[in-house]
**Student:** 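Before I ask anything, here is the structure I am working with.
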Amino acid sequence: DTEVTQTPKHLVMGMTNKKSLKCEQHMGHRAMYWYKQKAKKPPELMFVYSYEKLSINESVPSRFSPECPNSSLLNLHLHALQPEDSALYLCASSPRTGGQGSPLHFGNGTRLTVT
Amino acid sequence: AQKVTQAQTEISVVEKEDVTLDCVYETRDTTYYLFWYKQPPSGELVFLIRRNSFDEQNEISGRYSWNFQKSTSSFNFTITASQVVDSAVYFCALSEADAGGTSYGKLTFGQGTILTVHP
């Protein structure tokens with residue numbers, strides 16, 4: 001079983017909807033990440049949180065809004081998405097963003113379809 | 001800028017065959033970390049191995065082995081006696097670091113290799 005839990009597993013939303021993706025980890029990790037993965041493509045980094053502060057935003061459109069309420073929880077708020085935003089959204093965590101190249105622990109992802 | 005290339009888009013083998021997945025990387029840093037991840041159909045990325053740039057020792061873990069060669073900027077992955085459960089997408093990834101070995105926190109993935117093992 002994965003130690004990073006993502007909900008929901010599947011989400012279908014219209015372009016005018018507002019929804020949120022949730023990610024939770026209880027490994028004591030202080031870095032959390034959002035990745036976007038289109039079909040047959042590698043994951044692409046969206047956001048990095050370090051000690052609950054946003055440290056990296058890879059020029060993601062503002063219709064994606066991340067939030068890190070505490071060290072265990074990471075949300076991704078979605079609003080006015082486009083069909084091309086349909087993808088697998090992966091959450092990951094690591095002990096910290098620096099450090100000696102600690103591997104990322106990934107969740108199972110949320111498969112998002114925008115209609 | 002860092003770059004990871006996995007030239008093999010898809011590989012198909014029959015069970016019990018050995019298979020090698022190639023990975024070539026580019027980086028201007030002298031300190032970096034290399035990873036292999038497995039992504040089964042369920043979607044989760046499963047960490048397999050990490051190597052730092054100063055450790056060229058090859059590693060074997062059960063049926064898995066990794067060959068790291070800085071001279072050719074390659075970090076290849078071999079599965080011996082493949083099994084149907086090995087069917088997945090495999091990603092090679094690179095994380096650059098400063099001279100002290102502290103990672104910058106950004107992981108660059110290759111395009112992935114789809115491995116299908118037939119019974």
Side-chain angles (χ1 to χ4, degrees), chain A residues 1-11 23 25 27 29-51 53-59 87-112, chain B residues 1-6 8-10 23 25 27 29-55 68 75 88-116:
Chain A
D1 287 339
T2 180
E3 296 176 59
V4 177
T5 305
Q6 290 187 244
T7 54
K9 290 186 179 179
H10 300 273
L11 178 63
C23 174
Q25 59 86 15
M27 295 178 282
H29 289 175
R30 303 311 299 271
M32 296 186 78
Y33 310 75
W34 281 115
Y35 279 82
K36 173 182 177 179
Q37 187 178 22
K38 301 282 278 184
K40 297 185 184 294
K41 295 291 185 182
E44 295 177 351
L45 181 65
M46 299 175 72
F47 303 103
V48 180
Y49 272 84
S50 178
Y51 292 87
K53 285 186 169 44
L54 184 65
S55 61
I56 296 177
N57 177 342
E58 291 287 281
S59 303
L88 180 68
Y89 287 83
L90 291 160
C91 174
S93 71
S94 66
R96 54 191 179 106
T97 49
Q100 304 300 300
S102 298
L104 271 58
H105 297 250
F106 284 87
N108 284 333
T110 293
R111 201 164 292 279
L112 174 68
Chain B
Q2 56 190 20
K3 184 180 178 182
V4 178
T5 301
Q6 294 178 253
Q8 303 147 310
T9 305
E10 293 192 50
C23 173
Y25 62 92
T27 177
D29 285 355
T30 55
T31 306
Y32 50 88
Y33 299 93
L34 294 164
F35 303 83
W36 275 96
Y37 282 87
K38 173 183 180 180
Q39 188 174 38
S42 60
E44 177 192 0
L45 279 152
V46 178
F47 164 72
L48 296 178
I49 190 172
R50 180 197 70 177
R51 262 286 170 267
N52 74 53
S53 51
F54 297 108
D55 182 6
F68 175 30
F75 186 42
V89 183
Y90 290 85
F91 290 100
C92 180
L94 168 71
S95 177
E96 292 177 327
D98 64 23
T102 299
S103 168
Y104 296 130
K106 291 182 66 171
L107 204 57
T108 297
F109 287 89
Q111 290 298 305
T113 297
I114 302 171
L115 174 65
T116 304

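The chains referred to below are lettered A, B, ... by the order of the sequence lines, with proteins before strands, and numbering in each begins at 1.
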**Student:** At what distance, to the nearest 0.5 angstrom, does NZ of B:Lys106 lie from OG of A:Ser55?
**Tutor:**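 Interatomic distance, B:Lys106 NZ to A:Ser55 OG, rounded to 0.5 Å: 10.5 Å.
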**Student:** In chain order, what residues pass the side chain to side chain contact (heavy atoms under 4.5 Å, CB included) check against A:Lys9, with sequence neighbours excluded?
**Tutor:**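 Side chain to side chain contact (heavy atoms under 4.5 Å, CB included) check on A:Lys9 returns nothing, list empty.
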**Student:** Mind checking ring pair (Phe, Tyr, Trp, His ring centres under 6.0 Å) for B:Phe35 and listing every partner two or more places apart, or none if nothing turns up?
**Tutor:**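 Scan of B:Phe35 (ring pair (Phe, Tyr, Trp, His ring centres under 6.0 Å), adjacent residues dropped) gives none.
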**Student:** Can you name the closest pair of heavy atoms from A:Gln37 and B:Phe91 and give their distance?
**Tutor:**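 Heavy atoms only, the tightest pair is NE2-CZ, 3.6 Å.
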**Student:** For atom CZ of A:Arg111, is the number of surrounding heavy atoms from other residues, nucleotides or ligands below 6.0 Å larger than 12?
**Tutor:**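 No - once you tally the heavy atoms of other residues, nucleotides and ligands closer than 6.0 Å, there are 12 at most.
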**Student:** Provide the closest heavy-atom pair for A:Pro42 versus B:Gly110 in the form atom of the first, atom of the second, distance.
**Tutor:**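 Heavy-atom minimum between the residues: CB-O, 3.1 Å.
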**Student:** What closest approach, in Å, do A:Leu90 and B:Gly43 show between heavy atoms, and which atom pair accounts for it?
**Tutor:**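 So the minimum-distance heavy-atom pair works out to CD2-O, 3.8 Å.
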**Student:** Quick one: does A:Tyr35's side chain get under 4.5 Å of B:Leu107's, heavy atoms only?
**Tutor:**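 A:Tyr35 vs B:Leu107: side chains touch.
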**Student:** Does any heavy atom of chain B fall under 4.5 Å from the side chain of A:Glu44, the backbone, both, or neither of them?
**Tutor:**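 Neither part; nothing is under 4.5 Å.
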**Student:** Which region of B:Gln39, side chain (C-beta onward) or backbone (N, CA, C, O), has a non-hydrogen atom less than 4.5 Å from a non-hydrogen atom of chain A, or is it both or neither?
**Tutor:**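 For B:Gln39, side-chain heavy atoms alone lie under 4.5 Å from chain A.
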**Student:** Which bit of B:Ile49 is near chain A, if near means a heavy-atom gap under 4.5 Å: side chain, backbone, both or neither?
**Tutor:**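 Contact with chain A involves no heavy atom of B:Ile49 at all.
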**Student:** Other residues, nucleotides and ligands only: do more than 12 of their heavy atoms fall within 6.0 Å of NZ on A:Lys41?
**Tutor:**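 Open.
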**Student:** Measure across B:Phe47 and A:Leu104 and return the closest heavy-atom pair with its distance rounded to 0.1 Å.
**Tutor:**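 Looks like CB-O, 4.4 Å.
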**Student:** What's the verdict on side chain to side chain contact (heavy atoms under 4.5 Å, CB included) for A:Lys40 and B:Gln111, showing C-alpha distance, side-chain angles and the deciding distance?
**Tutor:** CA-CA 8 Å; A:Lys40 297 185 184 294; B:Gln111 290 298 305; over 6 Å; no
**Student:** Pick one of side chain, backbone, both or neither for B:Tyr37, based on which atoms fall under 4.5 Å of a heavy atom in chain A.
**Tutor:**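 Just its side chain gets close to chain A.
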